[in-house]
Protein chains: 2
Amino acid sequence: MVTLESFLNRLNQVGTLDDLDTAILSLSDELNVEHVVYHSVNSSGDQYAVTTYEPHWVDHYLGSDYARIDPVVQACLRRFHPVDWKRLDWSGKAARNFMQEAVTAGVGNQGFSIPIRGPSGQFALFTVSSKDTDDTWVKYTEEYTRALILASHYVNQKALEIEKGTDQADIVTLSPRETDALTMLALGYNRAQAADSLSISEHTLRVYIESARFKLAAMNTTHAVARAMNQGLLRV
Amino acid sequence: MVTLESFLNRLNQVGTLDDLDTAILSLSDELNVEHVVYHSVNSSGDQYAVTTYEPHWVDHYLGSDYARIDPVVQACLRRFHPVDWKRLDWSGKAARNFMQEAVTAGVGNQGFSIPIRGPSGQFALFTVSSKDTDDTWVKYTEEYTRALILASHYVNQKALEIEKGTDQADIVTLSPRETDALTMLALGYNRAQAADSLSISEHTLRVYIESARFKLAAMNTTHAVARAMNQGLLRV
DNA sequence: CTGCCCCTCCCTATATATGGGGAGTTGATA
DNA sequence: TATCAACTCCCCATATATAGGGAGGGGCAG
């Protein structure tokens, strides 16, 4: 089993985003692939990406908002386990054209992408890709899957740590009743029903909602619920 | 490095929840701990739990809604990386009392909990705990962390797979405009502002919202946004 | 023991969202 | 080429949420 011991050790020394960049980029050798990509989006929409892809492909991808049609991204948003590109559904014009372009841009025909979810709605993708035959790739993924999962975990952990000095999410705390109130609203109840479910008056409920809205700096109820969910404050 | 090879192989054979139960419970030997807990909550609120804790402790925990004050749960909700219990903040009356009760119930004084996040807002905890000295525990976690991360990943993967036949999330797709509309609302804009931002009439916007609400089987806008976010349909 | 946060209740306008209709254009897929 | 889904626009009445006040009791930490 591949352990990536030296990479994980190097990662431990990383203190800045630049270090992390270097460490991630150096991974392609260790992992025996042509390309490595780490791309993270947090709940504020801030993005951080490291990639060995051609800059013009990256620009084109972002400019065309390809994340919307990229089957890899779509699959990763819905799955928990890593995704082998060739096991996805590539029928559909948009997907085929996209793959065509990607291959032309040197991305490689084989790829393996790991979805990573962090607190506060953070979502990241860790991808390795190469030009390879199906057989070689099957063996590769069998051998490397666990190492890739661990690598992605530690890379993401490090990225979060650097981003906020720690991997702790922003400390906005709602009182139990505020959480209750937002939870009921997130479940689709209107204020009357929510108040009823919580056995309090609608007036009281409203106080909680307003208080929560204030804490979350939200403009309205929907916004408050969205922010609370993004920050992992609501278990709906 | 500990690899848990035999556990992961056994996990591969698992086909039912009962099998999974057995496999998880058998882990305590392999992991050299007294207790193992796997507890998953999905976006529908369905829960699945396997634990070696005393049933009366589990009942008491659930009945008292201890998840709300349990510092381990609270930390896991906010963190990405595994949590060593003793590195948490145990000041505060509620937390200390809780820990006291837990120890009395045979949970053990040392523990290590791994937060796991899946698609559609799924959240799970994988915990090992024991009665041990601090020194022993430090060595233990150093040696086992990677194995525990992998084990938690595969256990969760298996649980998702069994739950829905696959680890794919429910297939509800929103059209781009529907997504846009919900996104603007989740960002706190009201309908007029949202319509303006998307350069469409408010009437049109409303059609998208209603359509999205229908697809998501939501009772109102807030509900629709909540469901969409829970299902990973919105990147806010 | 004091301040701070949480829980609970009340009123009245006004702004905003919802429900239920109908209809024409484009684009892709079958 | 036919069909389906997505995108766009419009009206009207009603239900619901929001904004702005104010007020008392309880618990916990410094």
Side-chain angles (χ1 to χ4, degrees), chain A residues 65 68-69 89-98 171-226 233, chain B residues 65 68-69 89-98 171-226 233:
Chain A
D65 203 9
R68 264 192 166 168
I69 56 162
D89 175 22
W90 292 96
S91 68
K93 201 170 126 190
R96 274 197 312 277
N97 286 345
F98 167 75
I171 307 143
V172 179
T173 52
L174 297 178
S175 78
R177 281 315 222 182
E178 286 160 358
T179 307
D180 290 340
L182 289 190
T183 301
M184 299 316 287
L185 297 174
L187 288 172
Y189 296 115
N190 63 28
R191 300 204 295 199
Q193 296 170 321
D196 211 52
S197 297
L198 299 177
S199 304
I200 54 177
S201 78
E202 192 177 330
H203 308 286
T204 304
L205 181 87
R206 220 193 53 189
V207 175
Y208 298 144
I209 300 171
E210 275 172 21
S211 162
R213 225 181 12 230
F214 181 75
K215 286 187 182 174
L216 294 162
M219 316 171 94
N220 54 45
T221 299
T222 302
H223 195 196
V225 168
L233 267 27
Chain B
D65 203 10
R68 263 191 169 168
I69 55 163
D89 175 22
W90 292 97
S91 68
K93 199 171 127 190
R96 273 197 312 275
N97 286 345
F98 167 75
I171 307 142
V172 179
T173 51
L174 296 178
S175 76
R177 281 315 222 182
E178 286 160 358
T179 307
D180 290 341
L182 289 190
T183 302
M184 299 316 286
L185 297 173
L187 288 173
Y189 297 114
N190 63 27
R191 301 204 297 198
Q193 296 168 320
D196 212 51
S197 297
L198 299 176
S199 304
I200 55 176
S201 78
E202 191 176 328
H203 307 286
T204 302
L205 181 86
R206 221 193 52 188
V207 175
Y208 298 143
I209 299 171
E210 275 173 21
S211 163
R213 219 175 24 223
F214 181 75
K215 285 186 183 175
L216 293 161
M219 315 171 96
N220 54 45
T221 299
T222 301
H223 194 197
V225 167
L233 267 27

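Throughout, protein chains are lettered first and strands after them, A, B, ... in sequence-line order, and every chain is numbered starting at 1. Bear in mind that the values here come from a model prediction, so they are computed numbers and not experimental data.
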Presence of A:Arg213 side-chain N/O under 4.0 Å of D:dA19 phosphate oxygens OP1/OP2:
yes

Under the rule for side chain to side chain donor-acceptor pair (under 3.5 Å), what residues qualify as partners of B:Ser201, not counting sequence neighbours?
B:Thr204

Using whole Å, report how far CE of A:Met184 lies from P of D:dA17.
13 Å

A:Ile209 CD1 to C:dC9 P, straight-line distance once rounded to whole Å
14 Å

Between A:Asn190 (CG) and D:dA17 (P), how many Å, whole number?
5 Å

What one-letter contact string describes nucleotides 4-11 of chain D from 5' to 3', where B marks a base within less than 4.0 Å of any protein heavy atom, S marks contact via sugar-phosphate atoms alone, and - marks no contact?
--SSBBBB

Table please: side-chain donor-acceptor pairs of residues 212-224 of chain B below 3.5 Å, with sequence neighbours left out.
residue  : atom : partner  : partner atom : Å
B:Lys215 : NZ   : B:Thr173 : O            : 3.2
B:Lys215 : NZ   : B:Glu178 : OE1          : 2.9
B:Asn220 : OD1  : B:Thr222 : N            : 3.2
B:Asn220 : OD1  : B:His223 : N            : 2.8
B:Asn220 : ND2  : A:Gly188 : O            : 3.0
B:Thr222 : OG1  : A:Thr222 : OG1          : 2.8
B:His223 : ND1  : B:Met219 : N            : 3.0
B:His223 : NE2  : A:Leu187 : O            : 3.2

Residues which pass side-chain contact (heavy atoms from CB on, under 4.5 Å) with B:Arg206, listed by chain and number, not counting sequence neighbours:
B:Arg191, B:Glu210

Got a sec, which residues hit side chain to side chain donor-acceptor pair (under 3.5 Å) with A:Asn190, two or more places apart in sequence or on another chain?
none

Here the gap from A:Met184 atom CE to A:Ile209 atom CD1, rounded to the nearest 0.5 Å, amounts to 11.0 Å

Provide the full list of salt bridge (Lys or Arg N to Asp or Glu O under 4.0 Å) pairs with a residue in residues 179-188 of chain B, sequence neighbours left out, each pair given once.
A:Arg68-B:Asp180, B:Arg177-B:Asp180

Rounded distance (Å) that lies between atom P of D:dA29 and atom CG of B:Asp89:
11 Å

Would you mind reading off the distance between A:Phe214 atom CZ and D:dG20 atom P, rounded to a whole angstrom?
12 Å

Interatomic distance where CD belongs to A:Glu210 and P belongs to C:dT8 [whole Å]:
16 Å

When the distance from CG of A:Asn220 to P of C:dT16 is rounded to whole Å, what number comes out?
11 Å

Would you kindly give the CZ-to-C1' distance between B:Arg96 and D:dA29, to the nearest whole Å?
11 Å

